[in-house]
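Just so it is clear, the model here is predicted, and its values are computed rather than measured.
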Amino acid sequence: MKTDMNTLIHLPDLLFVQWYYDEFGINRGVYNTIDSWFYQKGIREITQRRKYILKFTFSLYQHFDQKQKIKFGPGGLVISLNNFWDVFIERGLKQNA
């Protein structure tokens with residue numbers, strides 16, 4: 001499903017998670033971990049969290065071939081999330097989320 005971010009963030013949960021898996025190869029368990037991580041960082045509203053989740057995931061493409069599914073090694077997900085948070089949030093480089 002090719003669509004814009006505004007449409008994606010408003011999908012029902014099941015459809016969003018299915019699209020996310022189809023697009024990135026990231027399963028629901030990893031997605032839930034990412035979602036929870038952003039929630040714990042204070043991003044409480046679901047559509048805002050989904051924007052952050054998508055920006056985080058798209059930011060990974062600088063480290064992965066876009067045709068490959070994204071995979072994280074042991075501890076890699078948390079390291080990637082912390083790096084994203086540091087660069088895009090703490091340093092004030094975030095785009096309008």
Side-chain angles (χ1 to χ4, degrees):
M1 169 192 325
K2 294 282 184 191
T3 190
D4 64 86
M5 185 182 291
N6 194 47
T7 301
L8 286 172
I9 63 170
H10 288 93
L11 287 174
D13 193 53
L14 179 62
L15 294 177
F16 183 82
V17 172
Q18 287 174 338
W19 174 86
Y20 193 73
Y21 177 77
D22 291 344
E23 189 70 19
F24 303 111
I26 296 175
N27 67 35
R28 184 172 191 105
V30 174
Y31 167 79
N32 286 342
T33 301
I34 295 168
D35 186 42
S36 178
W37 190 91
F38 280 110
Y39 183 85
Q40 292 173 11
K41 286 291 191 181
I43 313 301
R44 300 288 189 238
E45 206 274 314
I46 184 64
T47 58
Q48 288 298 97
R49 257 193 339 273
R50 284 184 177 177
K51 286 179 183 180
Y52 277 88
I53 290 167
L54 289 172
K55 288 181 181 190
F56 162 70
T57 308
F58 284 122
S59 78
L60 296 173
Y61 275 158
Q62 59 189 309
H63 304 290
F64 291 90
D65 179 346
Q66 291 185 16
K67 293 178 179 136
Q68 289 181 312
K69 299 298 183 185
I70 296 172
K71 296 188 188 260
F72 301 96
L77 177 57
V78 172
I79 290 168
S80 295
L81 285 163
N82 286 328
N83 287 340
F84 173 81
W85 191 261
D86 182 48
V87 170
F88 290 96
I89 309 305
E90 295 297 325
R91 294 185 188 170
L93 300 176
K94 72 177 179 178
Q95 299 172 2
N96 294 329

Problem - Nearest non-hydrogen partners of T47 and I9, listed with the distance - result: CG2-O, 3.7 Å
Handout entry: Any side-chain heavy-atom pair of D35 and I46 under 4.5 Å
Key = yes
Practice task
For the pair S36 (side chain) and N32 (backbone), establish whether a donor and an acceptor sit closer than 3.5 Å, ignoring hydrogens and angles.
Solution key: no
Practice task
Return the orientation label for the W85 and W37 ring planes: parallel under 30°, perpendicular over 60°, tilted otherwise.
Solution key: perpendicular
Practice task
Look at the side chain of N82 and the backbone N and O of V78, then say whether any donor-acceptor pair between them is shorter than 3.5 Å.
Solution key: yes
Handout entry: Which atom of T57 lies closest to which atom of I53, heavy atoms considered
Key = OG1-O, 2.7 Å
Handout entry: Student check: side-chain heavy atoms of N27 and V30 closer than 4.5 Å
Key = yes
Exercise for the section: Verify the cluster assignment for V87 and L54: are they in a single hydrophobic cluster under the rule of side-chain heavy atoms below 4.5 Å apart? Expected result: yes
Practice task
Check whether L77 and Y21 end up in the same hydrophobic cluster, where Ile, Leu, Val, Met, Phe, Trp and Tyr are linked by side-chain heavy atoms less than 4.5 Å apart.
Solution key: no
Exercise for the section: May I ask you to say whether R50 pairs ionically with D13, meaning some side-chain N is under 4.0 Å from a carboxylate O? Expected result: yes
Practice task
Take the angle between the ring planes of F16 and Y20 and call it parallel below 30°, perpendicular above 60°, tilted in between.
Solution key: parallel
Handout entry: Nearest-0.5 Å distance that lies between atom CG in D4 and atom NE2 in H10
Key = 10.5 Å
Practice task
Check each of F58, Y39, F38 against Y52 using the ring pair (Phe, Tyr, Trp, His ring centres under 6.0 Å) test, and report the only one that passes.
Solution key: F38
Practice task
Give the intermediate values and the outcome of side-chain contact (heavy atoms from CB on, under 4.5 Å) for residues Q18 and L15.
Solution key: CA-CA 5 Å; Q18 287 174 338; L15 294 177; 3.6 Å; yes
Handout entry: Mutual orientation of the aromatic rings belonging to F56 and F84 [parallel < 30°, tilted 30-60°, perpendicular > 60°]
Key = perpendicular
